[in-house]
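What follows is one structure encoded as structure tokens, with my remarks underneath.
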Amino acid sequence: ISSEENIFNEELLSEMPAQVAEPSFLNKSHEKYSSPAAAKEHNVPEEISKVLENKVVETLLGLCHVNISVVKAELPNYSHGDNILTKSISSHSDLITGVYEGGLKIWECTFDLVDYFSEAEVQFAHKVVLDLGCGAGLLGITALKGNAERVHFQDYNSMVIEEITLPNVLVNCVCQNGDPSLEQCQKRDFNQDLISKCKFFSGEWSGFSNFLLNSNTPFAKYDLILTSETIYNPDYYEALHDTLSKLLKANGCVYLASKAHYFGCGGGVLPFTEFIKKKNVFNSRSVKIIDKGLKRVIIELVFKNPC
Ligand code: SAM
């Protein structure tokens, strides 16, 4: 894992209790979960503007082509020790008692994949899309802005979904023109049509696919599954593979962005592609290699026998 800059939440991370400040793969606790986070759906609150309270909206430099905005939580008064992050954490038991999987920062392969989408002119229109292990959700937001029919966002931690993904998606469902400062956003209407295309889920991968497949609401499999920096831990490959194979449409496609190696974790492109080969369910091919700094790769997976 590189030590690149946090894009938008250094304050968030520095204010977190020590036990949750580091993702599991950095604090070496990357063995299988003893009690995995149960899968659940997070509804969009009725009072949407409340989600953006105490948030600072910024537009990411270098991403003008997708016009993506992100939010960060504002920590009003550090000295009181009762800032909104502390409150947020205490309402998310998975971060107090469990594992934090890293979605509070935007990892660099997300940007590689967003660049690739525009270079390769990947089409999202009318597609049903999953941003798997979404963190800030920029991949799903890119699909949403590309007129996807539906976009689902999944992250391990419920706090990530509620404090980062959901606000990010909402802030990208307003402010069509210019710089989306929060003030501007609050003055405008949210685009309900766009919001209604999105669903949000937290929980561990195996539980997530079972949750969707066993739900009372009919579930249409995904045309595209987008996932970035999710193959650092070989212990999760079985659950990841199972999720991809159960949730992808027969003629669907997975775009996966990863560092070549995750030092100290054992995961990376080679172990993952060997795992895929052994399973004999997907064909995998590297569609782009980025050899600047830490080597990174974009992989495409399609079913071997689409039937
Ligand atoms: N995709 C985001 C990015 O590139 O910025 C976040 C990457 S973060 C390093 C890894 C993400 O994978 C976490 O946010 C977590 O949600 C997800 N993840 C990893 N292992 C998981 C598992 N076993 N079950 C569910 N989610 C998992």
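Atoms within a ligand are numbered from 1 in the order they appear, just like the ligands themselves. Along the sequence shown, residues are numbered consecutively beginning with 1.
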So the atoms of ligand 1 within less than 4.0 Å of a heavy atom of Asp155 turn out to be 13 (C), 14 (O), 15 (C), 16 (O)
Ligand 1 N/O within reach of Gly133 N/O, cut-off under 3.5 Å: yes
Cys134 contact mode with ligand 1 (heavy-atom cut-off under 4.0 Å): backbone
Do Phe303 and Ser245 have side chains that get closer than 4.5 Å, going by heavy atoms? yes
Is the closest heavy atom of Gly203 to ligand 1 under 4.0 Å? yes
Do ligand 1 and Thr230 have nitrogen or oxygen atoms that lie under 3.5 Å from each other? no
Could you tell me how the ring of Phe153 sits relative to the ring of Phe200: parallel (under 30°), tilted (30 to 60°) or perpendicular (over 60°)? parallel
Contact check: Asn157 vs ligand 1, nitrogen or oxygen atoms, below 3.5 angstrom: no
Which option, Glu229, Lys105, Glu108, Gln154, owns the non-hydrogen atom nearest atom 25 (C) of ligand 1? Gln154
Pairs under 3.5 angstrom only: tabulate donor-acceptor contacts from the side chains of residues 282-290 to other protein residues two or more places apart or in another chain.
{"unit_1": "Arg285", "atom_1": "NE", "unit_2": "Glu300", "atom_2": "OE1", "d": "3.0"}
{"unit_1": "Arg285", "atom_1": "NH2", "unit_2": "Glu300", "atom_2": "OE1", "d": "3.3"}
{"unit_1": "Arg285", "atom_1": "NH2", "unit_2": "Glu300", "atom_2": "OE2", "d": "3.4"}
{"unit_1": "Lys288", "atom_1": "NZ", "unit_2": "Glu119", "atom_2": "OE1", "d": "3.0"}
{"unit_1": "Lys288", "atom_1": "NZ", "unit_2": "Glu119", "atom_2": "OE2", "d": "2.9"}

So between Tyr236, Trp107, Tyr232, whose heavy atom ends up nearest atom 7 (C) of ligand 1? Trp107
Show me which atoms of ligand 1 lie under 4.0 Å from any heavy atom of Ile106. 5 (O)
Under 3.5 Å, is there a donor-acceptor pair linking the side chains of Ser158 and His42? no
Could you pull out all residues at least two apart from Lys277 that satisfy side-chain contact (heavy atoms from CB on, under 4.5 Å)? none
Number the atoms of ligand 1 from 1 as they appear, then name those within less than 4.0 Å of a heavy atom of Thr110, with their elements. 3 (C), 4 (O), 5 (O)
Where do Gly203 and Gln154 come nearest, in terms of heavy atoms and distance? O-NE2, 2.9 Å
Exercise: do Tyr262 and Glu229 side chains pair donor with acceptor under 3.5 Å: yes
